[in-house]
Amino acid sequence: MGFTIGEHTDRLSWGGMFILLGQIAGFTLVTWVLASRVVPSLIVLLQRFLYVPQLSFGLILGGLFLIVVGAEKIGLHGSLGALLFGAALSRLPHQVRREIMPGV
């Protein structure tokens, strides 16, 4: 895990460590559900109603920024949040992946 205990507490305690680990586990679960279930469905739904080029790329990039900021707020390094978000997005529908590739 990418966190430094000294950045979160002045005194090292078991209670503080368990709270921090709980925050990390909760963040991981919420990020995984959002990135693997909500974001792909939202992209497909918005593409049906809005005909905007590179809409999916913009939504994914915006989501990435939000996940990085959220990771840093709870003490993870932003790159770990981005890695988790990318891993969860690996199951995007083929049509969405094909559309975002030129932007990547």
Side-chain angles (χ1 to χ4, degrees):
M1 300 304 274
F3 66 94
T4 304
I5 296 171
E7 291 181 6
H8 300 284
T9 59
D10 293 333
R11 302 186 104 213
L12 183 63
S13 69
W14 288 105
M17 283 186 50
F18 284 127
I19 290 171
L20 183 60
L21 290 174
Q23 288 175 333
I24 291 170
F27 175 79
T28 301
L29 181 66
V30 168
T31 300
W32 193 268
V33 168
L34 284 175
S36 66
R37 304 282 184 221
V38 176
V39 171
S41 301
L42 180 67
I43 289 172
V44 170
L45 179 71
L46 287 174
Q47 284 179 338
R48 287 184 190 158
F49 297 110
L50 302 173
Y51 300 105
V52 178
Q54 296 296 321
L55 173 69
S56 55
F57 179 70
L59 290 172
I60 289 174
L61 191 61
L64 175 65
F65 291 146
L66 290 174
I67 294 299
V68 167
V69 168
E72 290 180 350
K73 288 286 184 188
I74 68 159
L76 283 171
H77 194 277
S79 63
L80 290 176
L83 178 67
L84 176 63
F85 188 69
L89 286 176
S90 66
R91 298 183 64 188
L92 280 174
H94 178 70
Q95 173 191 358
V96 175
R97 278 187 296 182
R98 191 178 46 156
E99 183 184 319
I100 67 170
M101 281 314 216
V104 173

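A distance of 13.0 Å separates CD1 in I19 from CD1 in I74, rounded to the nearest 0.5 Å. The CG atom of L46 sits 11.0 Å away from the OG atom of S41 when rounded to the nearest 0.5 Å. Rounded to the nearest 0.5 angstrom, H77 NE2 and L83 CG are separated by 12.0 Å.
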>> Walk me through whether L89 and V39 qualify under side-chain contact (heavy atoms from CB on, under 4.5 Å).
In response: CA-CA 8 Å; L89 286 176; V39 171; 4.2 Å; yes
> How far apart are the C-alpha atoms of L84 and T28, what are their side-chain angles, what is the distance that settles it, and do they pass the side-chain contact (heavy atoms from CB on, under 4.5 Å) test?
Replying inline: CA-CA 8 Å; L84 176 63; T28 301; 3.9 Å; yes
>> One pair to check against side-chain contact (heavy atoms from CB on, under 4.5 Å): F65 and V69. What are the steps and the verdict?
In response: CA-CA 6 Å; F65 291 146; V69 168; 5.6 Å; no
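Shortest non-hydrogen contact noted between F85 and I67 is CD1-CG1, 3.6 Å. A pairwise comparison of heavy atoms in S56 and I43 identifies CB-CG2, 3.5 Å as the closest pair. In terms of heavy atoms, V68 sits closest to G78 at CG2-O, 3.6 Å. In plain terms, the two heavy atoms of A88 and A35 that are nearest each other are CB-CB, 3.3 Å.
Apart from V38 itself, the hydrophobic cluster it occupies contains V30, L34, where clustering links Ile, Leu, Val, Met, Phe, Trp and Tyr at side-chain heavy-atom distances under 4.5 Å.
Hydrophobic cluster membership is shared by L42 and L61, with clusters built from Ile, Leu, Val, Met, Phe, Trp and Tyr side chains linked at under 4.5 angstrom. Linking Ile, Leu, Val, Met, Phe, Trp and Tyr whenever their side-chain heavy atoms come within less than 4.5 Å puts F57 and L50 in one cluster.
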